[in-house]
Amino acid sequence: MTGTPLFDIAETLKQFVADYKATITPALPIIMGGVVAIVGIKKAPAIFRSFVNKIG
């Protein structure tokens with residue numbers, strides 16, 4: 001490796017981050033929705049139980 005390898009790594013990293021953002025940004029609502037759905041499914045029984053306990 002010649003020149004400034006650290007600078008090359010930084011440039012490569014910047015390009016990677018730019019590509020990553022370009023790829024992820026359109027899919028972000030879908031990803032967030034999936035995460036929320038998974039968390040909701042896992043928490044739903046506990047929330048439902050506490051709701052039933054408050055009524056009863």
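Along the sequence shown, the residues carry numbers beginning at 1. Since this is a predicted model, take the numbers as computed values, not measurements.
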Could you pull out all residues at least two apart from K14 that satisfy salt bridge (charged side-chain N to carboxylate O under 4.0 Å, His left out)? E11

Quick check: does any side chain N or O of T25 sit under 3.5 Å from a backbone N or O of A22, one acting as donor and the other as acceptor? no

Show me the side-chain donor-acceptor pairs of residues 27-42 shorter than 3.5 Å, one per line, residues at least two apart or across chains.
none

